[in-house]
Amino acid sequence: MIALVDCNSFYASCELVFRPDLIGRPVVVLSNNDGCVIAANKEAKALADIPMFQPVFKIKKELIANKVVFFSSNYTLYGEMSQRVVNILKTFSSKVEVYSIDESFIDLSTVPHEELETFGHQIKNTIYRLTGLPVGVGIAKTKVLSKLANKMSKKIPNKNHVCVINSDDDRVEALKWSPVTSIWGIGKKHSERVIAIGVATAYDFTQLPLAWVRKEMTVVGECIWRELRGESVMEFITEPKKKKAIGTAKSFGKKLESLDIIEEACSYYVGEVAEVLRTQNSCASAIHVFLVTNFFSMRDKQYSNSITVKLAMPTNDTFVLVTEAKKALHLIYKEGYKYKKVGVNLLGITPEEYVQGNLFKIPTESKKALTKVVDELNVKFGKLKVSSALVGTRVKEWELIKEERSPRYTTQWKEILTLKDK
DNA sequence: TCTGGGGTCCTAGGACCC
DNA sequence: TCTGGGGTCCTAGGACCC
């Protein structure tokens with residue numbers, strides 16, 4: 001059996017752990033640049049119409065009228081709280097698959113069937129006691145079914161946030177309860193197609209001929225079909241796989257026209273992704289750079305372009321990567337547009353130890369020591385405190401807007417929570 | 001005025017190899 | 001008229017996830 005443990009309204013819940021004074025009030029967390037709503041607690045969800053991913057400006061009046069509390073996103077805090085949850089899960093099972101920042105699968109094959117429900121409650125209660133975060137637990141034979149059980153644990157009130165799909169009767173009942181649109185892995189496009197041929201519930205979906213599913217929805221659809229029928233086919237991944245691409249792309253705080261400022265933002269992002277690359281001991285053999293104007297704007301002229309450049313030799317050296325990214329950016333930049341976003345992607349990622357030289361270049365150790373020191377300084381003193389001068393110093397002109405970011409309570413001594421006597 | 005960011009997997013088709 | 005058979009690698013595009 002497999003459990004899916006998922007934190008409720010994760011980002012909003014993290015904020016509330018440190019602001020108990022806000023409990024009971026509607027709380028939302030905003031995306032980068034405070035652009036969209038990306039998380040809302042149940043009080044905020046209960047207010048009519050706060051759909052996720054709504055641009056804030058469209059619903060600002062409504063939010064203010066309802067005295068909703070806003071937070072800018074604070075990924076440092078969420079990442080660290082997530083780690084705490086994972087550490088607790090590891091005390092319940094030796095096999096834990098971290099699926100996302102707020103969800104993990106855990107293997108429960110050693111727990112007797114009749115104890116699963118109690119075990120689920122223990123997990124839920126322990127996480128709440130040690131972190132203050134509420135979670136839901138779904139337990140079933142396969143990953144797709146445990147996702148479904150998790151959904152039921154939250155939607156069906158008497159489940160009290162723990163739901164076990166134990167017998168085959170349970171399974172059929174669950175399938176008939178679930179609309180096909182909410183099955184994990186079946187998105188908007190595929191839902192529309194199966195609804196068109198008369199499928200309404202997950203149960204209906206499992207009654208489709210496998211050949212049709214395979215043909216119309218590829219092997220991905222076939223896996224879902226099998227898992228819903230109780231056949232476990234998805235791998236349990238306990239070791240995080242090395243990333244095959246590492247990228248970042250963020251909208252600027254304001255629109256930018258001049259190449260040199262965009263260049264600085266681009267270089268800064270390269271610095272970020274290069275650091276991730278080094279932490280997984282890999283090198284990139286190509287770099288992809290793209291540049292776009294604000295495509296929502298009806299007035300501005302639109303332009304976007306991208307370019308992929310192959311490197312002479314795979315590398316994880318920030319200095320080389322920044323230089324190459326800048327050259328690439330120069331090739332796609334055109335004057336006279338108001339740019340909204342620049343992005344970089346590192347591709348062709350290979351393990352550091354396999355990097356080969358070529359006729360003209362051999363891999364060199366010379367800068368490794370420097371890079372190592374720079375990385376260590378940044379761990380100690382904060383993100384990108386030390387970086388290539390190519391990155392520049394005009395960060396303020398392009399950086400993200402985060403007006404309501406909470407303190408980094410758990411990772412910065414200066415921002416630690418303080419308790420006062422009244 | 002203001003509209004997120006970071007990923008994965010699959011398939012088809014083209015270019016190329018022997 | 002008839003035009004091989006077995007591959008790999010890469011890219012673009014589609015669909016999906018949180």
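Residue numbers start from 1 in every chain, and the chains themselves are labelled A, B, ... in the order their sequence lines are given, proteins ahead of strands. All values below were derived from every heavy atom in this structure, side-chain atoms included, with hydrogens, water molecules and symmetry-related copies excluded.
Using a 4.0 Å cut-off between charged nitrogen and carboxylate oxygen, A/Glu227 and A/Lys143 do not count as a salt-bridge pair. Using a 4.0 Å cut-off between charged side-chain N and carboxylate O, A/Asp300 and A/Lys255 make a salt bridge. Salt bridge absent: A/Arg405 and A/Glu15 never bring a charged side-chain N and a carboxylate O closer than 4.0 Å. Between A/Glu103 and A/Lys147 there is a salt bridge, with a side-chain nitrogen of the basic residue lying less than 4.0 Å from a carboxylate oxygen of the acidic one.
The distance from atom CZ of A/Phe105 to atom P of C/dC17 is 12 Å, rounded to the nearest whole Å. Regarding A/Glu103, its CD atom lies at a distance of 9 Å from the C1' atom of C/dC17, rounded to whole Å. Taking atom NE2 of residue A/His288 and atom C1' of nucleotide C/dA12, one finds them 12 Å apart after rounding to whole Å. Between the C1' atom of C/dC17 and the CD1 atom of A/Ile237 lies a distance of 13 Å, rounded to the nearest Å. Rounded to an integer number of Å, the gap from CG of A/Asn294 to C1' of B/dC2 is 9 Å. Distance A/Ile38 CD1 to B/dT3 C1': 14 Å, rounded to the nearest Å. In this structure, the CG atom of A/Leu148 is 14 Å from the P atom of C/dC17, given to the nearest Å. Counting to the nearest Å, the C1' atom of C/dC17 and the NZ atom of A/Lys151 are 12 Å from each other.
Atom NZ of A/Lys242 has more than 12 heavy atoms from other residues, nucleotides or ligands within 6.0 Å.
Heavy atoms of A/Asp34 sit nowhere under 4.0 angstrom from any nucleic acid atom. Using a 4.0 Å heavy-atom criterion, one finds that A/Tyr99 contacts the sugar-phosphate atoms exclusively. Using a 4.0 Å heavy-atom criterion, one finds that A/Ile183 contacts the sugar-phosphate atoms exclusively.
Contact check, A/Lys255 against B/dC2: a side-chain N or O comes under 4.0 Å of OP1 or OP2. Side-chain nitrogen and oxygen atoms of A/Lys340 include at least one within less than 4.0 Å of the OP1 or OP2 phosphate oxygen of B/dT3.
Taking the six-membered ring for Trp and the full ring otherwise, the centers of A/Phe119 and A/Phe92 sit less than 6.0 Å from each other.
A cation-pi arrangement is present between A/Arg229 and A/Trp225 under the rule of less than 6.0 angstrom and at most 45 degrees off the ring axis.
For A/Gln207, the side chain to side chain contact (heavy atoms under 4.5 Å, CB included) partners two or more places apart in sequence, or in a different chain, are A/Tyr203.
Listed by residue number, the members of residues 186-199 of chain A with any heavy atom below 4.0 angstrom from DNA chain B form an empty set. Within residues 76-84 of chain A, no residue has any heavy atom closer than 4.0 Å to DNA chain B.
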Could you list, one pair per line, each protein nitrogen or oxygen that sits under 3.5 Å from a nitrogen or oxygen of nucleotides 5-11 of chain B, together with the distance?
from: B/dG5; atom 1: OP1; to: A/Ser251; atom 2: N; distance (Å): 2.6
from: B/dG5; atom 1: OP2; to: A/Ser251; atom 2: OG; distance (Å): 3.3
from: B/dG5; atom 1: OP2; to: A/Lys341; atom 2: NZ; distance (Å): 3.2
from: B/dG5; atom 1: O5'; to: A/Ala249; atom 2: O; distance (Å): 3.4
from: B/dG6; atom 1: OP1; to: A/Thr248; atom 2: OG1; distance (Å): 2.3
from: B/dG6; atom 1: OP2; to: A/Ala249; atom 2: N; distance (Å): 2.5
from: B/dG6; atom 1: OP2; to: A/Ala249; atom 2: O; distance (Å): 3.0
from: B/dG7; atom 1: OP2; to: A/Gly247; atom 2: N; distance (Å): 3.0
from: B/dG7; atom 1: OP2; to: A/Gly247; atom 2: O; distance (Å): 3.2
from: B/dC9; atom 1: OP2; to: A/Lys244; atom 2: NZ; distance (Å): 2.8
from: B/dT11; atom 1: OP1; to: A/Arg214; atom 2: NH2; distance (Å): 3.1

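To the nearest whole angstrom, the two P atoms, one in B/dT3 and one in C/dC18, are 25 Å apart.
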Enumerate donor-acceptor pairs with a distance under 3.5 Å from any side-chain N or O in residues 337-344 of chain A to protein atoms, sequence neighbours excluded.
from: A/Tyr339; atom 1: OH; to: A/Lys334; atom 2: N; distance (Å): 3.2
from: A/Tyr339; atom 1: OH; to: A/Lys334; atom 2: O; distance (Å): 2.7
from: A/Lys340; atom 1: NZ; to: A/Phe252; atom 2: O; distance (Å): 3.3

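A side-chain donor-acceptor contact under 3.5 Å links A/Thr279 to the backbone of A/Val276.
The heavy-atom pair separating A/Leu108 from A/Ala3 by the smallest distance is CD1-CB, 3.6 Å.
Of the residues listed (A/Leu175, A/Ile2, A/Leu4), the one engaging A/Leu145 in a side chain to side chain contact (heavy atoms under 4.5 Å, CB included) is A/Leu175, and it is the only one.
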Set out, in order, the CA-CA distance, both residues' side-chain angles and the distance that settles salt bridge (Lys or Arg N to Asp or Glu O under 4.0 Å) for A/Lys189 and A/Glu216, then state yes or no.
CA-CA 11 Å; A/Lys189 285 276 154 53; A/Glu216 302 294 326; over 6 Å; no
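With the 3.5 Å cutoff on both pairing distances, Watson-Crick and G-U pairs in DNA chain C assemble into runs of at least 3 at B:5-18 with C:5-18.
For the 3.5 Å distance criterion, the side chains of A/His288 and A/Thr308 qualify, holding a donor opposite an acceptor.
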